[in-house]
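Here is the structure we will look at.
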Amino acid sequence: MEPEPEPSSPQEPQESQELDVELILDGLNKVQRDAVVSDAEVLQILAPPGSGKTRTLTSRVAYMLANGMSPSNIIVATFTNKASKEMKERISKMIGGGLEHRLIIGTFHSIATKYLRKYGHLIGLPKEFGIADTGDSSNVISRIIKRNKYSTMDGSDAGNVRSRISTLKAKMQSVDDYIASQKKANSTDEFSKIYDQYEKELKNSNLLDFDDLLLRCLDLLRAHPLCVSNIESVLIDEFQDTNLVQFDLMCLFAQRRNKITIVGDPDQSIYGFRAAEIGNLKTMQQVYPNTIVLNLEENYRSAAAILNCSLEVIQQDKARPQKGITPTHQLGTSPVLRKLPSPHFEAQWIVQEILRLRALTGNMFTFDDIAILVRSAGLARDIEPQMNNQRIPYRLIAGTKFFERQEVKPVLDYLRVIIDPNNSEALARVVNIPKRRLGSKSVEGLVAEAHKRGISIWTLICKGVRGDLKFEAPISKLGEQSLCQFIKVIKDIRKLLESAELAMKHDIAPIIQSLLDKIGYRAHIENMQKPGEERWVHVEELIEQATEFCNNLAAGFDDDLPDSDADAVVIEESTISIALGRFLANAALATVKESPEAENSQASEGVLTISTIHNAKGLEWPIVFVPGCYTGSIPHSRSEDTDEERRLLYVAMTRAQVLLYLSYPSELRDRKSGDKQESNLCTFLAEDKLKPLMKSAGPKISLAVIEEFGKIMGRECPTIEKIQETTKAANLPNRDDYVPSDDPSVNNYGTYTENEFQEDYDDDFDDHEGYNSRNSYSRTTTTRNYNQSSTSAYNRSNSYSTNRTTMTTAFSAQSTTIQGFRSANSHMHSLVNSQLEAEVDVRRVAFKRKSDGISGDNNDTKQSQSKSVKQKTDSKSKPKPKNTLANYFQKAPVKETDALPETRTGTSAPEPATKGPTLTKPPKQEKYIYLSSSPERPPPRNEIINQNHHLQEQMRRNPPVSNFTSVSGMVNGSSYMAPTTMSRMAGNTANAGSSTSRPASAVPLKTLGMRRSMSGWNDRHGTKK
DNA sequence: AGCCTCCCACTTTTT
DNA sequence: GTGGGAGGCT
Ligand SMILES: Nc1ncnc2c1ncn2[C@@H]1O[C@H](COP(=O)(O)OP(=O)(O)OP(=O)(O)O)[C@@H](O)[C@H]1O
């Protein structure tokens, strides 16, 4: 029952859709447009940071939709769930109609979960499988180690073992493969035993870990291609960070039509530690010989000075091919590299500098515009107290996730048990919460006994308390009594769930409530928390989230897969327990790092972001601080791949739009001794070449500098009046002369005489001439126009035209005044006293705009007003998307909802696949030779050096013996069996996939020279050590 | 045996 | 800041 032929005719685009197409293409440059409309079957868009990759990919999805492709026939894999949310929002702005809700979009893991939920039964997967997060996995492993009393490890190695196992699984090495690859039984034998038992334990508990989600989905789609027979197009963002399993999944998703678009940047691959496989780029070209590569080279994000520095860093990777980035913005302010005495003062400096910048620019920046990016979550701890000191609102995106919080996690575990009492992992964790006199001995005993008897803990304790068996585990009288109560609670809540189901309720919150009441959770939490902590609010927050989740589900914003050919066997289930299961899966895969409630608290000045660099991937901010640039942090002392650390720094630097601050403490406190310890500037920044490109302290802010900021950010500059006002109020000198000190009586900027202070401003505003006129009507002429096309909707300056004429008048009038001012004070006076009084109307307008701003962002530009409107619409649901995604296509009117032909309920037939995205009017019918805009091009494909483990694996196991076999062969087997690659692969096979067992005789292929000859964008750099 | 408290060692990055 | 281990008390 292969689904049949191409549907007779593709849906003709209707008029409204043609309109959409213009909207979608608006504001894109030539190459971007070509990429969006390309009818290439397999397209790779490889480009540097800030070149609009994500934007292009988003537009391409929108374009497909606008051309009538059904959203449920499109798979889009993003790197985080947050990113997919943002992408959906942007697509919605471009084409509207709610189509985006029906896209199959999410991380690989969440997409895989959807498929497994729906079709897992086809491969024998129990229907309500749970997802084991990292903590669950470590617990299982820790228990295995303890139970077996292994000699080479103890419980504290669990984390390590877990990540080793994960890496193996991500490389598709099953236990058997692993054992086979170990020459003889030795100390690693214990490891393979753990691996083996781990897999079995997960299975017994009906759990899948993150890697299993992908691997099982692979199994599913291989055995049942019909599940994805409807898929017409597969698109992947951040492809450089996909692993081998994800690559195969991509191929399988696309197996029906082989239409794939990926975007990525080898220089930004920073997840090698998670088995990301940069070789996927080349594998893809080999598996799909019809791959077309496009390069985008213009950077729209950062000031050129920032790009110059960043490039200087990434180019230190000698194996990296030269590639071009063309700045579209002016030089801007030099990045700052400042050394401070300690992490504490580093943080203090950052905060002072933030305050100084805001004040001296007339609050041109809100806290939303600022990010502090750190290598590791721990570094944020130095910064947080300083933020609190100065009352700067911030959100921390690092470290513990919301759902992992001590007070939140047990609630989720209880719910897991309620859904599936045989989930022994979860049960073991909560059976003694709150305290039930079942200590570690009892619980360990129960776990061991259940394991021995081959039953779940739940079954064991039920039988035990009933007297059907006698506990071997040491359970006290009291313990046994409370065990009874525990069982009763679980049973009661399960009954409650059943009756809620019968009553057709959909909200799980009341169920959670009554669970928590029954176990006295609130008292428990409040008992254990330290004074001053308010942990219970997080539990309340969780309940609210549950309600919101259920409402969304009920409202049809669910993440159900569309029905497809394999749907003969759909399992009908009652809804509320489905809701609960979904909620838990969602929690396991979620990336939410903070209590979402923090979001609502502040308003007008925005919220600053403190984030790990990893979490900042794909985002951008006007101002970026990267503290902790010392050897040991960047590159991290525990990292194994220095090149990856360098790329990490590169990613951090390229997040910045106008101002980049790098810093490091010259002394660290030794953890153990508390002694001071010298630290050295990160080697990547110590290069001589970088010196002339950076300044040792923050910039002096002049009108010219402010103007530059405005141009680069595409934002209106504050009035001089405003600048003077905030400057005066802050009473800070216009220099980064910060002096480290905690003494409140010491001014961190030293002592300034009134004269000195004024001189700063005299200098500062000396170059003001023309400021006003430049910043009113002539902005577009001073801003470089990047778009060939004159239809640039992305010309940011036209997004705030409303008051322009009025303001211009005001500025012109002012400029005569300003000519002569001597200081901040005198300027203020002049403004207040004279000329402006003639401009009462204008001031009223300005005031009006300011107060408008108060309701949303405080920034009184037109642009930020429209931004705040946008934020209002989605503020409830999530951490605010950063600016990267915020400003796309804001003005795109929402198209009237097209009546959707398909119904989305029941088990209707899959939607017919339309015939590819039809090009209604491709800009030009030229062949895509854009391999092009960059100087060097990829070589003919069959000359590409194979350095890819994946293919080597193919070769090595022939015939495949493993549980995991690659799919790529079936997609286009012949393509990589070409003799040219064959021989190379044979030569490389000795190294295949294993760094541990490289024979000394097999000299690793030094491919440096050859790599250099390859074109840039296909390749990051050479073989890993 | 549980449970509490104190102390020590350790703290990369994450779906 | 926290998790695991040791020791003392119930
Ligand atoms: N043609 C264009 N004209 C003006 N601005 C653009 C254009 N294309 C993209 N931009 C802007 O450039 C910025 C970066 O875009 P985007 O995030 O899509 O880049 P990216 O290549 O995905 O970056 P990264 O590699 O860092 O994830 C965004 O602010 C976007 O709005």
Side-chain angles (χ1 to χ4, degrees), chain A residues 77-84 106-113 131-135 137-139 142 146 154-156 158-160 162-163 166-167 169-170 208-214 238 241-243 245-246 269-276 373-382 384-385 397-401 404-406 432 434-445 473-479 482 527-528 530 533 585-586 588-593 611-617 628 632-641 644-645 647-649 651-652 671-673:
Chain A
T78 59
F79 195 71
T80 61
N81 284 310
K82 186 177 143 213
S84 47
T107 60
F108 274 102
H109 292 88
S110 70
I111 295 170
T113 305
I131 298 173
D133 61 28
T134 315
S137 298
S138 296
N139 280 337
S142 160
K146 283 178 192 156
D154 64 23
S156 62
N160 264 330
R162 190 210 62 82
S163 78
S166 176
T167 304
K169 290 173 87 167
L208 299 184
D209 70 16
F210 288 133
D211 301 297
D212 288 332
L213 291 174
L214 304 178
E238 307 278 14
D241 283 317
T242 55
N243 67 26
V245 185
Q246 290 166 332
S269 121
I270 53 176
Y271 281 87
F273 72 93
R274 213 172 71 185
L373 305 182
V374 292
R375 172 65 180 83
S376 54
L379 295 180
R381 277 187 228 306
D382 296 314
E384 290 188 80
I397 306 185
T400 327
K401 295 177 198 161
E404 315 246 280
R405 300 187 70 103
Q406 270 177 15
N432 198 30
K435 299 268 179 268
R436 294 196 176 88
R437 304 203 62 85
L438 296 162
S440 56
K441 277 272 159 28
S442 300
V443 176
E444 292 292 321
I475 310 282
S476 66
K477 273 266 149 55
L478 286 171
S482 54
N527 242 335
M528 75 171 203
K530 297 185 189 108
E533 283 181 330
N586 184 59
L589 296 175
T591 49
V592 188
K593 294 278 173 90
S611 167
T612 57
I613 300 173
H614 284 91
N615 274 311
K617 185 156 101 142
S633 176
I634 311 179
H636 197 274
S637 47
R638 302 198 50 179
S639 84
E640 282 159 18
D641 183 348
E644 182 154 305
E645 297 292 302
R647 291 192 295 272
L648 204 48
L649 179 61
V651 169
R671 270 200 294 276
K672 288 188 175 163
S673 57

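Chain A is the first sequence line, chain B the second, and so forth, proteins listed ahead of strands; every chain is numbered from 1.
For Leu649(A) and dT12(B), the CG to C1' distance is 15 Å, given to the nearest whole Å. Separating the CD atom of Glu238(A) from the C1' atom of dT13(B) is a distance of 15 Å, rounded to the nearest angstrom. We find that NE2 of His614(A) is positioned 9 Å from P of dT13(B), with the value rounded to whole Å. Residue Glu644(A) contributes atom CD, which lies 15 Å from atom P of dT12(B) at whole-angstrom precision. Rounded to whole Å, atom C1' of dG2(B) lies 9 Å from atom CG of Asn432(A). The CG atom of Leu213(A) sits 19 Å away from the P atom of dT14(B) (whole-angstrom rounding). Here dT14(B) presents its P atom at 17 Å from CG of Asn160(A), a figure rounded to the nearest Å. Between Leu648(A) atom CG and dT13(B) atom C1' the separation is 7 Å, expressed in whole Å.
Distances shorter than 4.0 Å separate none of the side-chain N or O atoms of Asn243(A) from OP1 or OP2 on dT15(B). Side-chain nitrogen and oxygen atoms of Arg375(A) include none within less than 4.0 Å of the OP1 or OP2 phosphate oxygen of dT12(B). The phosphate of dT15(B) (OP1 or OP2) has no side-chain N or O of Thr134(A) nearer than 4.0 angstrom. When the side-chain nitrogen and oxygen atoms of Asn615(A) are compared with OP1 and OP2 of dT14(B), one or more of them lie within a distance under 4.0 Å. At least one side-chain nitrogen or oxygen of Lys401(A) sits closer than 4.0 Å to the OP1 or OP2 atom of dT15(B).
If you check dA1(B), dT15(B), dT12(B) against the side chain of Ser639(A), the one that comes closest is dT12(B). For Thr612(A), whose side chain is taken as the heavy atoms from C-beta onward, the closest listed nucleotide among dC4(B), dT14(B), dT15(B) is dT14(B). Here the nucleotide nearest the side chain of Ser442(A), chosen from dT14(B), dT15(B), dG2(B), is dG2(B). Nearest nucleotide to the side chain of Arg638(A), out of dT15(B), dC3(B), dT12(B): dT12(B). Minimum atom distance to the side chain of Ser376(A) is reached by dT13(B), of the listed dA1(B), dT13(B), dC3(B). Among the nucleotides dG3(C), dT15(B), dT14(B), the one closest to any side-chain atom of Gln406(A) is dG3(C).
Comparing Arg274(A) and Pro474(A), the nucleotide of DNA chain B nearest to each residue sits closer to the 5' end for Pro474(A). Along DNA chain C, the nucleotide closest to Asn139(A) and the one closest to Arg381(A) are compared, and the more 5′ of them pairs with Arg381(A).
Across all strands shown, Phe108(A) has no heavy atoms under 4.0 Å from either base or sugar-phosphate atoms. As judged by a 4.0 angstrom heavy-atom cut-off over every strand, Thr107(A) is placed among residues touching the sugar-phosphate backbone only.
Side chains of Asn139(A) and Ser142(A): no donor on one and acceptor on the other come within 3.5 Å. Checking Asp209(A) against Ser137(A) by side-chain atom types alone, no donor-acceptor pair falls below 3.5 Å.
Heavy-atom minimum distance, Leu648(A) versus Ile613(A): O-CG2, 3.4 Å. The heavy-atom pair separating Ser269(A) from Asp241(A) by the smallest distance is CA-OD1, 3.4 Å.
Note on ring orientation: taking the six-membered ring where Trp is involved, the planes of Tyr271(A) and His614(A) are perpendicular (angle over 60°, cut-offs 30° and 60°).
Between Glu404(A) and Lys401(A) there is no salt bridge, since none of the side-chain N atoms of the basic residue sits less than 4.0 Å from a carboxylate O of the acidic one.
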